[in-house]
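The block underneath contains the structure these notes are about, expressed in structure tokens.
In what follows, residues are counted from 1 in the order of the sequence shown. Every number for a ligand or one of its atoms is a count from 1 in the order of the listing. Below, all heavy atoms of this structure are taken into account, side chains as well, without hydrogens, waters or symmetry copies.
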Amino acid sequence: MALPRIDWPEGLHPDTLAIRDGLPRTAWGENSEALFLTSCFVHPDAETAARRFANEEDAFVYSRFSNPNVTIMERRLAALEGTSGCIGTASGMAAITLLVMSLLKAGDHIVCSQSVFGSTIRLLVGEFGKFGVETTLVPQTDVAAWAAARRTNTKLFFAETPTNPLGEICDIRALADLAHEAGALLVVDNCMCSPALQQPVKFGADIVMHSGTKFLDGQGRVIAGALCADEALVRSRFEPLVRTAGMSLSPFNAWVVAKGLETLSVRLHAQSERALELARWLESHPAVARVHYPGLASHPQHALAMHQQGGRGGAVLAFDVKGGRAEAFGVIDATRVLSIAGNFGDVRSIITHPASTTHGRLSEDQRRAAGIGQGLIRLGVGLEHIADLKADLARGLDALALTLSP
Ligand SMILES: *Cc1c(COP(=O)(O)O)cnc(C)c1O
């Protein structure tokens, strides 16, 4: 017996399922999902308990294994990503830990973009390196380098697109074909776009990884993560390890993310529109040297980004001010509405100086190789009124422009 499903008519749009799907209502008939803060679940008799513990019958047993709020979040996210299965995890990094621990063993090999999230590189290279899993880092956009890095023991390709903060795109279809030729799986970290803009499985990816902390929650409240994949893989590999190793998503955080998913699509579309307008405005500002945003026609991979991201650039952009650290700090410190923080994916716009914060642990050489200069500023564009966002940035940028005038 499987967990009950709601009996929907055929063919509902994922946006509808993101609001409506989950588990049938309880006997109380609540309209909005209840919060199930319970560590364990009660069984009608000893025989049933034995069957459930032996996995012969699907039911909730213990919230390290699963919980109704976690299942609701998983079903909604799977509907959005277009996968048959999904598993929630305690954080985005816990999702990557689950991925590698469940699918690889000592002697296996990963090919990974060198531009992925910094903690991802430290986890794969540093931590899993200790256990004999080797990772080769390759340039994000160089398909030939991905092909050349393959070995007979390659089990995973790991990509993130667009990258943070420079918005480099990788060709998901090309990487999926290369991975499959080598008998490996392609995993795509889809944090930057979310499934509201980009569904990597449509382009051949096998597994989609998420930090629920970003756009899925969308209001900067909780830490959460997930892996989306075929249900058979989720059930055979991911669920047993979460049950044993305990990188489980908390019911409360799952409830918050499930609520966030209800508005994901409208938020991403509105935040993307604001980001595009800001990017165009910044591109024409005399104090800005360069804008990095896949939604701009000037982006070197604009066409590929539009193809993969439903015609939208996403809600994260970066720009280089004319000058270095002092000039960038001047623009950041002149803002009065934006939050100076290291996150993105929030309805509150966030401004970040990557070189001294999110990418501060890199050496100056590594940063230069990654294209992250001291004059670079990242914006996680939220939902405030566009005029207020522009005015907040214009305060520092206009002052900087005056100092540049001949
Ligand atoms: C934040 C982030 C992660 C890690 O997620 P946590 O929920 O913070 O563990 C992974 N990848 C990307 C692209 C991220 O932005």
Just to check, does Ala224 reach to within less than 4.0 Å of ligand 1 when the distance is taken from its heavy atoms? yes
Would you say the side chains of His292 and Glu168 form a donor-acceptor pair under 3.5 Å? no
Heavy-atom contacts under 4.0 Å between Ala94 and ligand 1: side chain, backbone, both, or neither? neither
Classify the angle between the aromatic ring planes of Phe41 and Phe60 as parallel (below 30°), tilted (30 to 60°) or perpendicular (above 60°). tilted
Using a 4.0 Å cut-off to any heavy atom of Thr213, which atoms of ligand 1 qualify? 6 (P), 7 (O)
the protein heavy atom lying closest to atom 12 (C) of ligand 1 turns out to be Asp189 OD2, 3.4 Å
With heavy-atom distances below 4.0 Å as the criterion, list the atoms of ligand 1 near Phe344. 15 (O)
Taking the inter-plane angle between the rings of Phe131 and Phe128 on a 0 to 90° scale, is it parallel (under 30°), tilted (30 to 60°) or perpendicular (over 60°)? tilted
Does any N/O atom on Gly92 come nearer than 3.5 Å to any N/O atom on ligand 1? yes
Taking every non-hydrogen atom, the tightest pair across Asp230 and Ser84: CA-OG, 3.4 Å
Output the list of atoms in ligand 1 that are nearer than 4.0 Å to some heavy atom of Glu160, sorted by atom number. 13 (C)
What atoms of ligand 1 come closer than 4.0 angstrom to any heavy atom of Cys191? 11 (N), 12 (C), 13 (C), 14 (C)
Please say whether Thr120 places an N or O atom under 3.5 Å from an N or O atom belonging to ligand 1. no
Does an N or O from Met93, backbone or side chain, lie closer than 3.5 Å to an N or O of ligand 1? yes
At what distance is the nearest protein heavy atom to atom 4 (C) of ligand 1, and which residue and atom is it? Phe117 CE2, 3.5 Å
Angle between ring planes, Phe203 versus His307, binned at 30° and 60°: parallel, tilted or perpendicular? perpendicular
One residue to check: Lys214. Relative to ligand 1, which of side chain, backbone, both or neither has a non-hydrogen atom less than 4.0 Å away? side chain
Could you tell me how the ring of Phe65 sits relative to the ring of Phe53: parallel (under 30°), tilted (30 to 60°) or perpendicular (over 60°)? perpendicular
Is the closest basic N to carboxylate O distance between Glu277 and Lys390 below 4.0 Å? yes
Quiz question: by atom type and distance under 3.5 Å, do the side chains of His210 and Asp189 form a donor-acceptor pair? no
